[in-house]
Amino acid sequence: MTELHTSEARRSETTTHGWVDVCGVEDIIPNTGVCALVGKRQIAVVRVGEGEEVYAISNFDPFSKAFVLSRGIVGDKGGIPKIASPIYKQNFDLRTGQCLDDPGVLIPVYPTRIRDGRVEIQAAAEPPAAAS
């Protein structure tokens, strides 16, 4: 598993409104994810396709109770970009965090942007608690 840590120096370079630089977009192989440690949170950063379509969701799989979503299978379900948990294969909408197999389950998502070829995540405040 690829894991990226934000250093103390990088954390102090957080841009306005809580944006944190986590890695270069080219550091993520197309149609895969990496895990970034942002503060005390493990965040799955997922690159869809060859371009700069990047999503950030909690790395915690609520079904297996393990931090594994960054290692999931990236794909598409009816036009929805998704990742399937590598453990029990539940699918999560990368845009909303909604479980596509169990609508009662929602995981945190984080806004992302690409600036100068770098992936930034807005993760200053704790996200709302996920339903389980």
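Computed from a predicted structure; not experimentally measured. Nothing fancy with the numbering, it's 1 onward along the sequence.
Nearest heavy-atom pair across Trp19 and Pro111 is CZ3-O, 3.5 Å. Listed here is the closest heavy atom pair of Phe60 and Ile107: O-CG2, 4.1 Å. In terms of heavy-atom proximity, Pro86 sits nearest to Gly72 at CD-CA, 3.8 Å. In this structure, Gly97 and Phe92 approach most closely via the heavy-atom pair O-CD2, 3.7 Å. The two atoms that bring Ala123 and Tyr110 nearest to each other are CB-CD2, 4.0 Å, heavy atoms only.
Distance check, rounded to the nearest 0.5 Å: OH of Tyr55 to CD1 of Ile121 gives 14.0 Å. Annotation: the span from Ile83 atom CD1 to Ile57 atom CD1 amounts to 5.5 Å, rounded to 0.5 Å. In this structure, CG in Leu69 is found 12.5 Å from CD1 in Ile43, a value given to the nearest 0.5 Å. Distance check: Glu52 CD to Thr112 OG1 gives 10.5 Å after rounding to the nearest 0.5 Å.
No more than 12 heavy atoms of other residues, nucleotides or ligands sit less than 6.0 Å from atom CD1 of Ile29.
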May I have the step-by-step check of salt bridge (Lys or Arg N to Asp or Glu O under 4.0 Å) for Glu26 and Arg47, ending in yes or no?
CA-CA 9 Å; Glu26 295 301 322; Arg47 181 177 176 194; 3.6 Å; yes
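By the 4.0 Å N-to-carboxylate-O rule, Lys82 lies too far from Asp101 to be salt-bridged with it. Salt-bridge formation is detected for the pair Arg95/Asp93: a Lys NZ or Arg NE/NH1/NH2 atom is positioned less than 4.0 Å from an Asp or Glu carboxylate oxygen.
Side-chain contact between Val54 and Val48 is absent, with no heavy atoms from C-beta onward closer than 4.5 Å.
Here the side chain of Asp76 pairs no donor or acceptor atom with the backbone of Pro81 at under 3.5 angstrom.
Remark: of the listed residues Val68, Asn59, Val22, Asn59 is the sole one forming a side-chain contact (heavy atoms from CB on, under 4.5 Å) with Cys35.
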